[in-house]
Every structure is written in structure tokens, then in C-alpha cells.
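Ligands are counted one by one from 1 in listed order, and the atoms in each one are counted from 1 as well. Being a predicted model, the structure only gives us computed values, none of them experimental.
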Amino acid sequence: MSLNPIRPWRNIERRKSRQIMVGNVPVGGDAPISVQTMTNTITSDVKGTLDQVIRSANAGADIVRISTPDVESTAALRDIVRESPVPIVADIHFHYKRAIEAAEAGAACLRINPGNIGDAKRVAEVVRAARDHGCSIRIGVNAGSLERHLLEKYGEPCPDAMVESGLDHIKILQDHDFHEFKISVKASDVFLAAAAYQQLAAATDAPIHLGITEAGGLVSGTVKSAIGLGSLLWFGIGDTIRVSLSADPVEEVKVGYEILKSLGLRTRGVQIISCPSCARQGFDVIKTVEKLEQRLEHIKTPMSLSIIGCVVNGPGEALMTDIGFTGGGAGSGMVYMAGKQSHKMSNEQMIDHIVELVEARAAELAAAEKAAE
Ligand code: SF4
């Protein structure tokens, strides 16, 4: 990412990490910060799982994780991988055979902790399968499932214990001359996760997968993730993120993108700037924004749109957005294009009109991008 010399207070300098591949998605180095989610279907239900994968990918997920707790799941994985538009990470906890089956089934990455799968022979077999099938590995340390000896040493889950666990797992992979790995140190407590990630970032150059685990429902989990992931990303830590919510995976993807968009780390689709509305509004801002969010969901081209209730803030916000609408009076408002007043539009027709303007601008930008290739 290029740094902004005019507004240096917006700059985020990313930690320098190695780059690995998760299928065709680069993670780490100067790759865009990828957004992940995880399916919550029964994996052996190929159709249901694939449907979630595709909906998540359409919402912007770069990578999707699927748990493979049994042999039926790893068998289904082959069909899912074949149809999936994005690389699939197989989530394995302890069973080394599931890891080998998942690698053979075409998983792009295995989420497995090599220290948890038994003797050296099993570790060697899993690493060989990963290498033979072009899989990367994610080491996933979780404060809730730390190794007993570390809990005894440190007394409770703490950043030192989590990082030590992570480095132990890293060493096992390095001893097998395997370097295509990324790592996470998740906790449901924001302070613990943030401190562990900061220590981890200083201790390894491996790409880092960020997450606040078991963050909660849609609203509480979003806030918690925005604080935890947001503060780490702000300080340059994190190469790929997953927001964990007790909600549809599509919501996780949307929230992940919004966190990255808020920090200017990645853009996708229409970013709507809207006022909270008040008695001065010239049209129903809240309902309009709700409708526009739905109607513009399909737009992938990064673009900004300001929907402001009145002239108190409308013209100012419109100056900084690609397209703007500001409420006026007498049932109509002003449309702004690239910051300049363009034309009046009635409140009744403004939603259809703005959707048309955004679609036309997206097509224009896509054509320009194609011509530049
Ligand atoms: S921009 Fe106007 S309508 Fe919106 S909150 Fe401010 S004063 Fe109220």
C-alpha cells in the first residue's frame, strides 16, 4: 500500500511478513489483507455447505474454512473444493488422518496444530501430505485450549503462554523444513488477544491470521471484533482476518470488510456515508440507506456515496464522495457528482436514480480498468 504524503495521519505501515499462498490467494508480504469466514453447515451436506461458500464468496470472502471432523466431511470436501470459487481451508483439530484426507481432497490449507497430533511419525506424514498437495498450514493457538504444561507453567492463559505455544508449533514445522504456514493466537478476551498478537508479531515473520474468537452475536461480536482486530490492524499487524460471529458467515464477511474499509486497508463495493438523521432531514435517511444497501450489494467496484438529510452536512460530505444526495425541501434533493452539484431529483425517484448512477459509474470504472490492462 502506498503511504499518503498529504495526510500522514492516515498511514498504516504494515508489519513485514513472509508471504505464503492459500491456494491462489497470497497471504502476507504486500498482499491485500484477505477476508475469511467459516461455514456452519454439516460438511457432509455438500449442497448446503457449497451454497454457504458461494454466498460468502459473493459477499467478498477470499478464503473459506470448513470443519472436517470426520471421514464423511473429508469425503465431501473433494466435491466442495471442486465447485468452490475460493480456496478452502480444512479445519482439523487432532486427527492426523483427517488432515491427510483433507490434503488429498484438495484443501488449500490445513488448520492444524502440529504439536497436538501425536508422535513425530504422524507429524511427518501430515507435513508430507501438505507438501505433496500444495497445502499451506495455519497454526491456530486458542487461549481456551492451551497445552496443559503451559497452563501449569503460567498458571492461566496469558500472552506469554499463547506465544510460547505458537512458537513451539512453528518449530515443529520448521524442523520438517516446512515454511508455508501462518499463525493465529486467538482469545475471546480482547485484551488477551491483542497482547498475544503484539508479542507474536515481534517474535516471528510468519503471516498472521487475526481473529477474536467466540466474539458473540452480530452486534456485540461486531463491536468486539472491530476493537480487537481494528486496533491490531491499525498498528500494522495482521495479514488475513476472520470475524467470528454467532451469525450467518456472510455477515462475518461484511463486518470484516467494513473493518478494513474503515482503516483504508481495503475497499470493495459502495461505501455509504450517511447521517443519523434528525428533524431537519428532507427525506427518510434511515429507510433510504437500508434500501440502498440492499440494492447496491452486487456492486464490487470501490466507490463512495453520501446520503445526507439536509444541507447542514450534505454539501461538505458530497465534496469527498463520488456520488452524493442531500435532502433539500419540497420533496426533492440535490444530486452531486464527483463533489459538484449536478441536478435536482425528487425524493420518490431518488433510490432508483442513485442505483442507476452507481451502476453506470461502476461500469465506467470497470471498463477503464479493463482498457488499462
Ligand atoms: S445532516 Fe441534517 S438531517 Fe442529517 S443529522 Fe445533520 S442536521 Fe440532521
### Query
In the hydrophobic clustering (ILVMFWY, side-chain contacts below 4.5 Å, transitive), which residues join V250, or is it alone?
none
### Query
Which residues satisfy the side-chain hydrogen bond (donor to acceptor under 3.5 Å, both in side chains) test with D284, sequence neighbours excluded?
none
### Message
Strictly under 2.8 Å of atom 8 (Fe) of ligand 1: which protein N/O/S atoms qualify?
### Response
C278 SG
#### Entry: Least distance between heavy atoms, A90 atom then A107 atom
CB-CB, 3.9 Å
### E364/R361 salt bridge by N-O under 4.0 Å criterion
yes
### Summary
Of all protein heavy atoms, the one nearest atom 1 (S) of ligand 1 is I308 CG2, 3.5 Å
### Query
Under a 4.0 Å N-O cut-off, is there an ion pair linking R268 with D62?
no
### Message
For residues 114-132, which residue pairs pass the side chain to side chain donor-acceptor pair (under 3.5 Å) check, not counting sequence neighbours?
### Response
none
